[in-house]
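Working notes, structure below.
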Number of protein chains: 2
Amino acid sequence: MNADSTKSWQAVQAEVLRRIRDREWKPGELVPHEAELARELGCSRTTVNRALRAVAEDGLLERRRRAGTRVALHPVRKARLDIPVIRVEIENRGLAYSYSLISRAEELPPPAVRARLQSPPDHKMLHVLGLHLAAGRPYALEDRWIDPDAVPEAREADFSRISPNEWLVLNVPFGGGDIAFSAVEAGPDEAEALDCAPGAALFVTERTTWRGSRMLTTVQLLFAPRYRLHTRI
Amino acid sequence: MNADSTKSWQAVQAEVLRRIRDREWKPGELVPHEAELARELGCSRTTVNRALRAVAEDGLLERRRRAGTRVALHPVRKARLDIPVIRVEIENRGLAYSYSLISRAEELPPPAVRARLQSPPDHKMLHVLGLHLAAGRPYALEDRWIDPDAVPEAREADFSRISPNEWLVLNVPFGGGDIAFSAVEAGPDEAEALDCAPGAALFVTERTTWRGSRMLTTVQLLFAPRYRLHTRI
DNA sequence: CTTGCAAATATGTGTGCACTTAATAACGAA
DNA sequence: TTCGTTATTAAGTGCACACATATTTGCAAG
């Protein structure tokens, strides 16, 4: 047990956070450089580096080579959002998950989708509509478009038992992605599927994923009213 | 210049990601241990560790001591959300920011707020309502409650020129926090403040911040219609 | 067959060192 | 004065080594 000469990087991090909190290091101010801190805290520079890097990743410090490390003036807090597969999300709440396919077709996407997927005007896409249910009640409506050229196996996939959401995670190697959250009013169809009043405010997440520069799929997830996306900072 | 015997941890990370993408390492599968990878890739274990740790932080690998490192079966993607001060958020979009105070009072919070702040039934709180504007148009309505016992300086603060949002970031040492995103229908007052139709779907973020175990403040931010919170994965 | 303890092992972390890279400052020439 | 070059400096990264810690495995005692 490293009585006291050894400080773990977490201990250093805690000390750094304390100094920021207690305004020992003021916002915008330059903090001692790594070597200096290492000497002062009785640990190696590597350890100090690890700690400072972690704090900087949370947005409380800003680091630039040569310029040194300074306390962030406008701390842009970095929250981490977990984006699980919907089935897992529901099961984690201890609810029974089920899923039902509403429709599946190969058709021309609307302009908005075409723009997101950067596809040529007359390129047909796989369009899958499905409903995720938690404990038998509508949870989220999945409105997905898949580029069958980029994901040929999708043509064979059976989306009646497994949602595109989960099928894609399992079968398509991940790539980059883009997520947006917003709110929309429920249209008549959506209201019926989600069993809510038309015009109700729905939480929406829209995701577009690609691999390399190839767009793969875009999805709109409409959550039933009272859904909350939750995280800690 | 380290021609090729030295691999940077980013290079190792890229190689690891490639192997996961190309299914050389299949989901759920155990990957070679650090020392083995180090030998294979011709770098030190430290470097491999750095790379694997980074990938694990993104949720694509799961690591446990002794048990080894395995490819995540249900990759829970970790998105990072930046939560800037609203003024900065607006200015970053190249728009002119302004702010106007709507009301400020010390009063009894409604039950929902009391629950969030875990305050006793008859404890009065500082209640500040303000509107953030971008290019002169309503952007977000800030409905904030501050515990004046936990943040005594707030009583003296001038929230007519600087929003509580920004004042708190500048004056109150950060602490833990809790963020939730959802959607609500605009009520009559909110519709008027945000210059939208009553019943319009609004994107909401609710934040509660504390220091230690002391609740400091809770805020509801109602964004004008068409607001989108956006991030990459 | 179960329980408990010890050995083995993979990751986690710390240290000291060296070298690289980027940003600034200092300096000198046009 | 202004521009470009060079020196300096602090962070970024890599390596070899050692020890810490968690977890599994296997063996032995009950």
Side-chain angles (χ1 to χ4, degrees), chain A residues 1-17 19-20 25-26 28-73 75 78, chain B residues 1-17 19-20 25-73 75-76 78:
Chain A
M1 53 218 71
N2 299 313
D4 89 312
S5 86
T6 300
K7 292 220 178 196
S8 70
W9 69 268
Q10 284 100 332
V12 174
Q13 183 186 33
E15 172 63 12
V16 167
L17 289 175
R19 291 188 184 187
I20 298 175
W25 294 341
K26 302 194 174 50
E29 197 178 275
L30 212 59
V31 315
H33 61 260
E34 294 188 349
E36 167 73 15
L37 274 174
R39 197 186 48 73
E40 185 190 336
L41 299 175
C43 65
S44 78
R45 194 170 79 88
T46 315
T47 304
V48 172
N49 181 283
R50 182 92 155 79
L52 291 183
R53 194 153 34 79
V55 176
E57 267 171 17
D58 286 342
L60 263 69
L61 287 177
E62 283 167 3
R63 323 191 73 200
R64 272 163 53 227
R65 281 193 184 177
R66 159 68 191 172
T69 300
R70 51 182 69 243
V71 180
L73 215 42
K78 263 83 174 169
Chain B
M1 58 213 65
N2 300 314
D4 90 310
S5 85
T6 300
K7 293 219 180 196
S8 71
W9 70 266
Q10 283 100 333
V12 174
Q13 183 187 33
E15 171 64 11
V16 167
L17 289 175
R19 291 187 185 186
I20 299 174
W25 293 342
K26 302 196 174 48
E29 198 176 273
L30 212 58
V31 316
H33 61 261
E34 295 188 349
E36 167 74 17
L37 275 174
R39 199 186 47 72
E40 185 191 335
L41 299 176
C43 64
S44 79
R45 192 169 80 87
T46 316
T47 305
V48 172
N49 180 283
R50 182 91 156 82
L52 291 183
R53 195 153 35 79
V55 176
E57 268 170 18
D58 287 344
L60 263 68
L61 288 177
E62 282 167 5
R63 322 192 70 199
R64 269 165 54 227
R65 281 192 184 178
R66 160 69 191 171
T69 299
R70 52 182 70 240
V71 181
L73 215 43
V76 176
K78 262 85 173 169

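Computed from a predicted structure; not experimentally measured. Every chain is numbered from 1, with letters handed out A, B, ... down the list of sequences. The basis for the numbers below is simple: all heavy atoms, side chains too, and nothing from hydrogens, waters or symmetry mates.
A donor-acceptor contact under 3.5 Å is not formed by the side chain of B/R65 with the base of D/dT24. Remark: the B/R45 side chain and the D/dG14 base include no donor-acceptor N/O pair separated by less than 3.5 Å.
If you check residues 50-63 of chain B against DNA chain D, the residues with a heavy atom closer than 4.0 Å are B/R50, listed by number.
The 5' end of DNA chain C is approached more closely, in terms of each residue's nearest nucleotide, by B/V31 than by the other of A/S44 and B/V31.
Proximity of B/T69 to the phosphate of C/dT11: a side-chain N or O atom is located under 4.0 Å from OP1 or OP2. Close to C/dT13, at under 4.0 Å from its OP1 or OP2, lies no side-chain N or O of B/N49. The phosphate of D/dG12 (OP1 or OP2) has no side-chain N or O of B/Q10 nearer than 4.0 angstrom. Taking 4.0 angstrom as the limit, A/T46 places none of its side-chain polar atoms (N or O) nearer than this to OP1 or OP2 of C/dG16. The phosphate of D/dC15 (OP1 or OP2) has a side-chain N or O of B/T47 nearer than 4.0 angstrom.
Closest of all the heavy-atom pairs between B/V12 and B/C43 is CG2-SG, 4.0 Å. For the pair A/R70 and A/L30, the tightest heavy-atom approach, listed with the atom from each and the gap, is NH2-CD1, 3.4 Å. Scanning both residues, B/S8 and B/T47, for their nearest heavy atoms gives C-CG2, 4.0 Å. Scanning both residues, A/W9 and A/A51, for their nearest heavy atoms gives O-CB, 3.5 Å.
Remark: C1' of D/dA10 and CZ of A/R70 are 13 Å apart, rounded to the nearest angstrom. Note: NE2 (A/H33) to C1' (D/dT8) measures 13 Å, nearest angstrom. What separates CH2 of B/W9 from C1' of D/dC15 is a distance of 17 Å, to the nearest Å. What separates CG of A/L37 from P of D/dG12 is a distance of 13 Å, to the nearest Å. Regarding B/Q13, its CD atom lies at a distance of 14 Å from the C1' atom of D/dT13, rounded to whole Å.
Taking A/V55 as the reference, A/Q13, A/V16, A/L17, A/I20, A/L60, A/L61 meet the side chain to side chain contact (heavy atoms under 4.5 Å, CB included) condition, with sequence neighbours excluded. Listed by chain and residue number, nothing satisfies the side chain to side chain contact (heavy atoms under 4.5 Å, CB included) test with A/A14 (two or more places apart in sequence, or in another chain). Not counting sequence neighbours, A/E29 has no partner by the side-chain hydrogen bond (donor to acceptor under 3.5 Å, both in side chains) test. The side chain to side chain contact (heavy atoms under 4.5 Å, CB included) search around B/R39 returns B/E36, not counting sequence neighbours.
Note on residues 53-67 of chain A: pairs passing salt bridge (Lys or Arg N to Asp or Glu O under 4.0 Å), not counting sequence neighbours, are A/E34-A/R63.
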Could you list all N or O pairs between the protein and nucleotides 24-26 of chain C that sit under 3.5 Å apart?
from	atom 1	to	atom 2	distance (Å)
C/dT24	OP1	A/R64	NH2	2.5

